[in-house]
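Lettering follows sequence order; numbering is per chain, from 1. Values below: all heavy atoms of this structure, side chains included; hydrogens, waters and symmetry mates excluded.
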Protein chains: 2
Amino acid sequence: MTDNDARKSKSRRTREAIFIAARRRFAAHGYDGASVRDIAADAGIDPALVIRYFGSKDALFAEASDFKLDLPPLDSKMRGRAGEYMVQNFLDIWEGPDAGGAFTVLLRSAASNEAAAAKLREVFATQVIPSVAALAGTEGAQQRAGLITSHMLGLAMSRYILKLPPVVSMPPEMIVTHVGRAIQIYLDTPSDRL
Amino acid sequence: MTDNDARKSKSRRTREAIFIAARRRFAAHGYDGASVRDIAADAGIDPALVIRYFGSKDALFAEASDFKLDLPPLDSKMRGRAGEYMVQNFLDIWEGPDAGGAFTVLLRSAASNEAAAAKLREVFATQVIPSVAALAGTEGAQQRAGLITSHMLGLAMSRYILKLPPVVSMPPEMIVTHVGRAIQIYLDTPSDRL
DNA sequence: TGCTTTTGTCAACACGCGTTGATATTTGCT
DNA sequence: AGCAAATATCAACGCGTGTTGACAAAAGCA
């Protein structure tokens with residue numbers, strides 16, 4: 001047991017164990033496919049504790065699928081390369097140490113779970129659209145964001161959820177180059193030509 | 001009861017009623033969310049009949065999610081506009097009279113159901129890749145198909161499954177124009193620059 | 001040491017699920 | 001009409017689910 005762990009109260013540590021197990025299970029099997037009993041088993045505790053710590057399976061899922069995109073602000077120098085930059089950032093998030101994080105949880109369940117879908121729509125409205133607006137102007141930001149998200153979401157689905165073989169084995173640079181270019185076009189298209 | 005119906009044996013009609021109800025339920029709620037009892041209720045019959053006619057829920061789902069893309073062959077004249085053409089075709093399928101068909105069933109469940117995901121991968125391998133190869137050559141067809149599918153799949157997710165408002169309300173021509181152009185680029189990029 | 005609060009276990013509940021076999025009803029044929 | 005086959009109903013099974021409340025062990029504090 002590390003010092004770090006020792007400093008945490010026991011309750012905090014089990015709560016975290018449950019949370020981590022839940023995120024992994026939800027990310028791998030979706031909301032329906034991950035049972036409270038499975039999560040409890042992974043965390044090494046009794047199923048009843050899951051409920052005691054989080055109130056309900058729904059509440060646990062809500063917490064496990066909560067996240068912020070916080071796209072780092074764009075350096076003005078790379079205007080014109082914002083597309084590539086966004087895709088690179090996207091890959092970093094999905095393939096970084098926190099893979100299988102809240103985003104995976106959300107996307108895995110959103111297609112068959114209305115609550116998850118609603119949360120995803122909210123993320124889109126409150127985080128994606130404003131980002132795009134800051135980058136390419138308010139006018140037509142919703143359409144731009146819609147087109148960009150269509151591509152990014154499909155990329156995530158193909159590569160991380162459905163695991164289509166050619167998409168899985170594509171080198172990151174290739175994705176950055178080509179998808180980046182497509183997104184750049186969506187950013188650069190003048191509003192009156194949308 | 002129409003003549004058409006009258007000609008069908010009673011068993012055939014109930015089988016079809018079950019099938020239609022199943023496709024609707026699966027398309028709307030996914031594999032887990034659609035229960036045999038729900039489907040039976042929609043079809044106006046006993047749950048046991050569902051099993052007697054289809055063997056199991058799995059088998060019913062397999063049948064309800066089976067489909068062929070059969071993209072119409074490209075007229076050589078519209079080479080150079082193949083991207084727009086593909087997107088137009090895509091929209092026709094999704095928004096035509098058979099909306100909520102097998103494709104919706106599959107996509108709605110693929111994220112949280114491995115069998116559905118496998119079937120989607122199979123469609124991609126046996127129908128999408130060859131189509132792209134016929135259009136842009138064998139070389140790099142897998143990567144091209146991967147990039148194109150990333151965009152198309154994401155469009156389907158955004159517009160029909162998750163229903164992101166800006167994407168839902170986009171006029172078809174706008175989608176055809178912009179997404180079509182992105183796909184055209186994926187088709188036109190020389191193999192050695194992939 | 002004793003008492004209180006925290007943390008965890010256990011058994012059980014009510015429910016919905018897919019599926020089954022026995023039984024009833026309807027249909028088609030002679 | 002009467003028998004046989006096709007079609008549909010019903011009740012029940014075993015199972016897994018989320019959740020609950022009663023109880024047990026552990027920890028913190030006087």
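D:dG18 atom C1' lies 12 Å from atom CZ of A:Phe26, rounded to whole Å. Between the P atom of D:dT17 and the CZ atom of A:Phe61 lies a distance of 17 Å, rounded to the nearest Å. What separates CD of B:Glu16 from P of D:dT7 is a distance of 14 Å, to the nearest Å. Atom CD1 in A:Ile39 sits about 8 Å away from atom P in D:dG18, given to the nearest Å. Between B:Ile45 atom CD1 and D:dA8 atom P the separation is 8 Å, expressed in whole Å.
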Pairs: protein N or O with nucleotides 19-29 of chain D N or O, under 3.5 Å:
{"from": "D:dT19", "atom 1": "OP2", "to": "A:Lys57", "atom 2": "N", "distance (Å)": "2.7"}

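Checking the phosphate oxygens (OP1, OP2) of D:dA8, a side-chain nitrogen or oxygen of B:Thr14 falls inside 4.0 Å.
Qualifying side chain to side chain donor-acceptor pair (under 3.5 Å) partners for B:Gln184, counting only residues two or more places apart in sequence or in other chains: B:Asp188.
A salt bridge is absent between A:Lys163 and B:Glu114: the closest approach of a Lys/Arg side-chain nitrogen to an acidic carboxylate oxygen does not fall below 4.0 angstrom. A salt bridge links A:Arg159 and A:Glu95; the closest N-O separation between the charged side-chain nitrogens and carboxylate oxygens is under 4.0 Å.
Scanning DNA chain C 5' to 3' for nucleotides with an atom closer than 4.0 angstrom to a non-hydrogen atom of chain A gives a first and last hit of C:dT7 to C:dA12.
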Inset, instruction - Could you go through the side chain to side chain donor-acceptor pair (under 3.5 Å) check for B:Thr189 and B:Arg144 one step at a time? - result: CA-CA 9 Å; B:Thr189 303; B:Arg144 285 183 220 281; 5.4 Å; no

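A cation-pi arrangement, defined by a distance under 6.0 Å to the six-membered ring centre and an angle within 45 degrees of its axis, is absent between A:Lys119 and A:Phe67. For the pair A:Lys57 and A:Tyr31, the cation-pi criterion (under 6.0 Å, within 45° of the ring axis) is fulfilled. Annotation: cation-pi pair B:Arg23/B:Phe61 absent, no NZ/CZ under 6.0 Å from the ring centroid and within 45° of its normal.
Of the two residues contacting DNA chain D, namely A:Tyr31 and B:Gly44, the nearest-nucleotide position lying further toward the 5' end is that of B:Gly44.
A:Thr104 and A:Tyr160 share no side-chain donor-acceptor pair at under 3.5 Å.
If you check every strand for non-hydrogen atoms under 4.0 Å, A:Phe54 touches nothing.
Between B:His151 and A:Tyr186, the ring-plane angle classifies as perpendicular under the 30° and 60° cut-offs.
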